Amino acid sequence: MSSTFRYRFRSPLGGLTADLTAERAPSSAAGEFFLQIDRNVRLSPPKGMNWRDASWLSFGLAAHAPGLLSLNPEGLLIRVTDLTYPPAHFRSEVAALVMDGWLRREFDLPDRGLSVAFDAAEGRHSFQWGEHADPFSDDLIQ
């Protein structure tokens with residue numbers, strides 16, 4: 001059964017917002033497209049999703065993969081049926097935050113330090129990724 005998590009962060013810039021509707025399924029869901037996140041943790045994004053949004057959703061899921069595997073040793077698939085947001089109040093990084101919120105609520109998982117703050121000195125949003133200083137760093141490409 002799917003459920004919706006609503007992420008809201010208010011700031012002087014208007015804030016950031018996104019709604020994620022998702023459900024869990026067995027990792028063996030046959031014939032379904034999925035992204036392999038970690039061993040038997042899989043993500044099925046909605047059709048036509050922007051690659052940046054899919055990447056950040058994947059990161060939000062990856063941050064919780066060890067906890068999810070300890071609760072579901074047989075693995076699981078997170079099927080995202082909808083990610084909606086007003087373009088004026090969204091950045092792709094918010095996909096990780098809304099996934100983090102959905103997972104923490106659905107599985108009673110601990111906070112992994114994924115958050116956003118408003119940096120008044122810089123006049124912009126500043127994202128924190130817990131123990132992941134740079135989620136998409138790649139030493140192979142210089």
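Remember, it's a predicted structure, so these values are computed and weren't measured experimentally. Along the sequence shown, residues carry numbers from 1.
- Taking both residues in full, the closest heavy atoms of Arg105 and Ser3 are given as NH2-OG, 3.1 Å, listed atom of the first, atom of the second, then distance.
- Rounding to the nearest 0.5 angstrom, the gap separating the CG atom in Asp111 from the NE2 atom in His64 is 7.5 Å.
- Taking each heavy atom of Arg6 and Thr4 in turn, the nearest pair found is NH1-CG2, 3.7 Å.
- Of all non-hydrogen atoms in Leu83 and Ala95, the two that sit nearest each other are CD2-CB, 4.2 Å.
- Considering CG of Asn72 and CZ of Arg24, their distance stands at 6.5 Å, rounded to 0.5 Å.
- Two residues are said to be in side-chain contact when any heavy atoms from C-beta on lie closer than 4.5 Å; Leu57 and Leu35 fail this criterion.
- In this structure, Ser11 and His125 approach most closely via the heavy-atom pair OG-NE2, 2.9 Å.
- Separating the CG atom in Leu43 from the CE atom in Met99 is a distance of 5.0 Å, to the nearest 0.5 Å.
- Contact check for Leu71 versus Leu109: side-chain heavy atoms found under the 4.5 Å cut-off.
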Is there a side chain to side chain contact (heavy atoms under 4.5 Å, CB included) between Glu23 and Leu77? Walk through the geometry before answering.
CA-CA 8 Å; Glu23 61 190 7; Leu77 171 83; over 6 Å; no
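- Considering every non-hydrogen atom in both Val94 and Ala18, the closest pair reads CG1-CB, 3.8 Å.
- With sequence neighbours excluded, no residue satisfies salt bridge (charged side-chain N to carboxylate O under 4.0 Å, His left out) with Asp53.
- Partner of Trp56 under the ring pair (Phe, Tyr, Trp, His ring centres under 6.0 Å) criterion, chosen from Trp129, Tyr85, Phe127: Trp129.
- Across every non-hydrogen atom of Ser126 and Asp119, the tightest pair is CB-CB, 4.4 Å.
- Atom CG in Leu97 sits 8.0 Å away from atom CG in Leu16 (nearest 0.5 Å).
- Between atom CH2 of residue Trp51 and atom OG of residue Ser58 there is a gap of 12.0 Å, rounded to the nearest 0.5 Å.
- Using a distance-only test at 3.5 Å, with no hydrogens or angles considered, no donor-acceptor pair links the side chain of Thr21 to the main chain of Phe5.
- Rounding to the nearest 0.5 Å gives a distance of 9.5 Å between CD of Gln128 and CG of Leu114.
- Using a 4.0 Å cut-off between charged nitrogen and carboxylate oxygen, Arg79 and Glu32 count as a salt-bridge pair.
- Annotation: side chain of Leu68 is in contact with side chain of Leu61 (closest heavy-atom distance under 4.5 Å).
- Heavy atoms of other residues, nucleotides or ligands lying less than 6.0 angstrom from CD of Glu74 number more than 12.
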